[in-house]
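Side-chain atoms are counted along with the backbone in the values below, which use heavy atoms only and exclude waters and symmetry mates. Chain identifiers are assigned alphabetically (A, B, ...) following the order of the sequence lines, protein sequences preceding nucleic acid strands; residue numbering begins at 1 within each chain.
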Protein chains: 2
Amino acid sequence: MLEGWACRYKILPSGTRQIMAFLMPGDACDLHIKLLAEMDHSIQTLTPAMVATVSRADMQALMSGHPNVARAMYSAQLVDEGIMRAWIVSMGRRSSVERVAHLICELYLRARTIGLTGDDEFALPLSQLLLADALGMTAVHINRVLKELRLAGAMALARGSATILDPVKLIQIAGFNENYLHRRLRKAL
Amino acid sequence: MLEGWACRYKILPSGTRQIMAFLMPGDACDLHIKLLAEMDHSIQTLTPAMVATVSRADMQALMSGHPNVARAMYSAQLVDEGIMRAWIVSMGRRSSVERVAHLICELYLRARTIGLTGDDEFALPLSQLLLADALGMTAVHINRVLKELRLAGAMALARGSATILDPVKLIQIAGFNENYLHRRLRKAL
DNA sequence: CGGCACATTGATACCGATCAATCGGGGTGG
DNA sequence: CCACCCCGATTGATCGGTATCAATGTGCCG
């Protein structure tokens, strides 16, 4: 992804949707995906977006000719896996308020590391329905949770952008620990 | 993992535990984990186990000297990611009965591809508490769900082994689609 | 100006958590 | 060898958080 947002998702037989990941600029969709015979989920853009495609041959040449690039891509993939695990933890053991707060913390930090944040707000082009489908809840309930977080003075969400009103409080509500994003430098070789 | 079972897990400040993955023989814990500075979760064996460790240098030599091996490992990692996504879907959008059934389907198939299943049963060395922590539910509730599945004639779980009473019914309850495990052959190069 | 998607709020139902008690079996110490 | 104990399994009663159903508000776009 060069610009814009996208998401991975799956639709169940019952018609409900579950979003499994948000893709932001700098994220790679599928490094080795071509190794598998079949795609097991769908990907969709959420905003107008710009996407780069790299041919299998080019990618192979890049990876074998530039070990540092290869290493960076593997690191990125490890981070993505860490994010997925964090989502599993959220869905399994966090209440809805904690879940929402946690996701916002994550998205804020990810946006910040790619330079897409303002002082205490950032562009969040997600409808409440999308957030609900990402967090395993209902659009109605997400609305109530957002209201609660707003009244608590932790954060507010309005027309495509989120504002962090009180970072400390938000982090505390979420029980957020940023270590899984591995923003601190990777181990030197 | 050469023998035995293990799991990835995280403990929250509140003391609750969430299991994020089960590792069975043939699963690799951490291919490139050394690229990151810090581990963001814990791993624990669930049975007596045998584990192989490969030095960074050996691994690097193996991967660069044997492209087929490297490809196989990347495929395996992609499958692991697919499994994580399936867990996210389960936790987000499946009821507790569906979740339990889905996990059993997954574990049965994974056990079967490595030759660890009997005719319609397989060794499942997981207490109900462990299952609960993997599925984001309570041990009490998992017990009731298991009873329900047993009475429905779908599956039964007893002292370390699970029995599939009615595969079709179980798959139907779970809404299980095995494509995410990618057991069908990978694409030929 | 009309329509449509999204946001918001209220009332009610239900799934799964929680609290509590009992049971069963295998290992351990006396 | 037996009694005890402890952990995991099981069952019941109750509580609470989210889903569900329903209605209304609001802003954007054609």
Fill in: Residues in contact with DNA chain D, drawn from residues 88-106 of chain A - heavy-atom cutoff 4.0 Å
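Listed by number, they are A/Ser95, A/Ser96.
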Expressed as a whole number of angstroms, how long is the span from [X]:[atom1] to [N]:[atom2]?
X        : N      : atom1 : atom2 : value
B/Leu146 : C/dG16 : CG    : C1'   : 15 Å
B/Leu129 : D/dT10 : CG    : C1'   : 14 Å
B/Leu157 : D/dA9  : CG    : C1'   : 11 Å
A/Leu131 : C/dA7  : CG    : C1'   : 13 Å
B/Leu149 : D/dA9  : CG    : P     : 15 Å

Fill in: Short side-chain N/O contact from A/Gln128 to OP1 or OP2 of C/dT8, under 4.0 Å
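Yes, within the criterion.
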Worksheet item: At under 4.0 Å, does any side-chain N or O of A/Arg159 touch on OP1 or OP2 of C/dA7?
Response: no
Discussion item. Take a 6.0 Å sphere around CG of B/Asp58 and say whether it holds more than 12 heavy atoms from other residues, nucleotides or ligands.
Written reply: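 Enclosed.
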Worksheet item: Does one side chain, of A/Gln77 or B/Gln77, offer a donor that lies under 3.5 Å from an acceptor on the other?
Response: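 No.
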Worksheet item: If we ignore angles and hydrogens, is there a donor and acceptor under 3.5 Å between the side chains of B/His182 and B/Ser75?
Response: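 The criterion, which ignores hydrogens and geometry beyond distance, is not satisfied for B/Ser75 and B/His182.
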Item to complete: Check DNA chain C against residues 134-145 of chain A and give the residues with a non-hydrogen atom under 4.0 Å, in numerical order.
Response: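 Within this stretch, A/Val140, A/Asn143, A/Arg144 sit under 4.0 Å of the strand.
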What donor-acceptor contacts under 3.5 angstrom involve side-chain atoms of residues 120-132 of chain B, with partners at least two apart or in another chain?
residue: B/Ser127; atom: OG; partner: B/Leu129; partner atom: N; Å: 3.4
residue: B/Ser127; atom: OG; partner: B/Leu130; partner atom: N; Å: 3.2
residue: B/Gln128; atom: OE1; partner: B/Asn143; partner atom: ND2; Å: 3.0

Fill in: For the student: nearest non-hydrogen atoms of B/His102 and B/Ala86, plus distance
CE1-CB, 4.5 Å
Worksheet item: Out of C/dT9, C/dT8, D/dA9, which has the shortest distance to the side chain of A/Lys147?
Response: C/dT9
Item to complete: Looking only at side-chain atoms of B/Ser127, point me to the closest of D/dA9, C/dT8, D/dC28.
Response: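 Nucleotide nearest to B/Ser127's side chain: D/dA9.
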Worksheet item: Strictly under 6.0 Å, is that where the ring centroids of B/Tyr108 and B/Phe176 end up?
Response: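 When the ring centroids of B/Tyr108 and B/Phe176 are compared, they turn out to be at least 6.0 Å apart.
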Worksheet item: Quick one: does B/Arg8's side chain have a donor or acceptor within less than 3.5 Å of a partner on B/Cys29's backbone?
Response: yes
Item to complete: Using a strict cut-off of less than 4.0 Å between a Lys/Arg side-chain nitrogen and an Asp/Glu carboxylate oxygen, indicate whether B/Glu148 and B/Arg144 qualify as a salt bridge.
Response: no
Item to complete: Tell me, with the steps shown, if A/Ile142 and A/Leu146 meet side-chain contact (heavy atoms from CB on, under 4.5 Å).
Response: CA-CA 6 Å; A/Ile142 250 241; A/Leu146 287 174; 4.1 Å; yes
